[in-house]
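Just so it is clear: chains get the letters A, B, ... in the order the sequence lines come, proteins before strands, and each one is counted from 1.
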2 protein chains.
Amino acid sequence: MRIGELAERAGVSARALRYYEQQGLISARRAANGYREYDESDVRLVAEIRSLLAVGFTLEDARPFVDCLRAGHEAGASCPESVAVSLRKLAEIDAEIRALIRHRAEVTAQLTYTCPGCDLFPAEGNDGPRPAGTPRRQAATGRLAGGVTPPPPDDQAGS
Amino acid sequence: MRIGELAERAGVSARALRYYEQQGLISARRAANGYREYDESDVRLVAEIRSLLAVGFTLEDARPFVDCLRAGHEAGASCPESVAVSLRKLAEIDAEIRALIRHRAEVTAQLTYTCPGCDLFPAEGNDGPRPAGTPRRQAATGRLAGGVTPPPPDDQAGS
DNA sequence: CTACCCCCTGACACCGGCGTCAAGGTCAAG
DNA sequence: CTTGACCTTGACGCCGGTGTCAGGGGGTAG
């Protein structure tokens with residue numbers, strides 16, 4: 001198939017596909033007229049790239065996953081290089097979450113003085129009604145909301 | 001004082017100060033030779049900007065805070081525009097945290113298959129020993145780590 | 001032959017907060 | 001007078017993943 005079809009089937013732009021090729025993530029044989037020609041397996045490769053980008057990986061991070069798939073493995077994440085990248089990304093994500101939690105704490109602390117009663121539960125009362133069907137969770141007493149295995153706060157931001 | 005001194009006292013570069021001025025956040029009167037001249041209050045303004053940048057605000061976000069200070073208020077966050085921005089940023093931070101938690105969940109789910117036993121507790125075993133004095137929290141059974149008023153997961157990321 | 005759709009390469013634009021270099025003026029100390 | 005630290009404006013670079021435009025070729029349907 002040509003680039004337009006692959007783009008449509010993978011849900012990306014042709015521009016993105018050319019960029020991935022330029023970055024060495026995918027490759028294409030060329031027809032006599034210079035057009036790129038792809039096969040079914042490329043759909044899978046692009047899907048892998050997109051799903052990784054969706055969770056915050058860069059194209060560079062995605063490289064070992066793609067290589068893994070091209071090496072014949074059924075899952076891009078099954079190679080040791082992929083695992084190493086995943087672990088690194090996990091640490092990065094955790095660090096980011098911790099930083100954001102610190103930021104949040106600083107903002108809420110500020111708001112405690114300037115707008116008492118504003119930050120009882122997250123994101124509310126400042127931009128109209130909820131989008132749609134957001135059931136407004138319990139919020140309980142306003143503290144200790146358990147998460148789905150979130151990283152530990154470990155906050156130490158002294159201001 | 002001139003730009004070099006303000007830069008040193010505020011802990012920023014002269015380039016940054018010129019940029020803030022270009023963005024209309026701070027202003028300086030000019031000496032006869034064209035040099036920028038600042039006074040003590042500017043140290044405070046720049047400090048406010050820096051502390052806001054440090055929690056993820058953009059310069060645009062910082063504008064009402066600076067205006068508030070320049071209007072004579074003792075705290076940059078005490079004006080209604082500042083409060084509005086803080087609430088918006090809080091919502092943005094919450095959204096980012098939720099997104100990151102979803103990303104984290106996807107990565108750990110992946111690792112569950114490709115590296116069983118790797119993600120029992122966050123950020124460990126992939127880059128040497130802990131930095132220093134990080135006591136490695138309990139981790140308990142591996143779930144439900146309470147946070148310091150973190151936003152609700154509300155995750156709905158179906159893959 | 002003309003339309004028209006698809007493809008090609010190359011390259012600038014974007015976003016934010018600066019770093020950094022260029023080319024030159026100012027002023028006090030030696 | 002010279003040196004050298006400090007200042008000025010202007011402008012490009014960076015990072016990542018594209019969007020988009022420019023300018024031109026390929027192939028098929030009418």
Supply the atom-to-atom distance [X] [atom1] to [Y] [atom2], rounded to the nearest 0.5 angstrom.
{"X": "Lys89(A)", "Y": "Leu52(A)", "atom1": "NZ", "atom2": "CG", "value": "10.0 Å"}
{"X": "Ser78(B)", "Y": "Gln110(A)", "atom1": "OG", "atom2": "CD", "value": "9.0 Å"}
{"X": "Thr58(B)", "Y": "Glu92(B)", "atom1": "OG1", "atom2": "CD", "value": "8.5 Å"}
{"X": "Glu60(A)", "Y": "Leu25(A)", "atom1": "CD", "atom2": "CG", "value": "7.5 Å"}

Return the value, rounded to whole Å, for the distance between atom [atom1] of [X] and atom [atom2] of [N].
{"X": "Glu8(A)", "N": "dC6(C)", "atom1": "CD", "atom2": "C1'", "value": "13 Å"}
{"X": "Arg18(A)", "N": "dC7(C)", "atom1": "CZ", "atom2": "P", "value": "8 Å"}
{"X": "Met1(B)", "N": "dC6(D)", "atom1": "CE", "atom2": "P", "value": "16 Å"}
{"X": "Gln23(A)", "N": "dG17(D)", "atom1": "CD", "atom2": "P", "value": "8 Å"}
{"X": "Glu5(A)", "N": "dC6(C)", "atom1": "CD", "atom2": "P", "value": "12 Å"}
{"X": "Glu37(A)", "N": "dC6(C)", "atom1": "CD", "atom2": "C1'", "value": "12 Å"}
{"X": "Leu6(A)", "N": "dC8(C)", "atom1": "CG", "atom2": "P", "value": "11 Å"}
{"X": "Asp61(A)", "N": "dG16(D)", "atom1": "CG", "atom2": "C1'", "value": "12 Å"}

Establish whether Leu69(A) and Leu17(A) are linked, either directly or via other cluster members, by ILVMFWY side-chain heavy-atom contacts under 4.5 Å.
-> yes

Treating Ile, Leu, Val, Met, Phe, Trp and Tyr as nodes and any side-chain heavy-atom pair under 4.5 angstrom as an edge, say whether Tyr19(A) and Val46(A) lie in one connected cluster.
-> yes

For Phe57(A), all residues meeting ring pair (Phe, Tyr, Trp, His ring centres under 6.0 Å), sequence neighbours excluded = Phe65(A)

For atom CD of Glu8(A), decide whether the heavy atoms of other residues, nucleotides or ligands shown that lie under 6.0 angstrom number more than 12.
-> no

For the pair Glu21(B) and Arg36(B), evaluate salt bridge (Lys or Arg N to Asp or Glu O under 4.0 Å) and give the outcome as yes or no after the intermediate values.
-> CA-CA 10 Å; Glu21(B) 177 178 336; Arg36(B) 291 174 178 81; 2.7 Å; yes

For nucleotides 15-20 of chain C, 5' to 3', base contacts (B), sugar-phosphate-only contacts (S) and non-contacts (-) with protein non-hydrogen atoms under 4.0 Å give --BBBB

Strictly under 3.5 Å: I want the nitrogen or oxygen pairs between protein and nucleotides 27-30 of chain C, one per line.
from, atom 1, to, atom 2, distance (Å)
dC27(C), OP1, Asn33(B), ND2, 3.4

Under 4.0 Å: is that the gap between some side-chain N or O of Arg36(B) and OP1 or OP2 of dT26(C)?
-> no

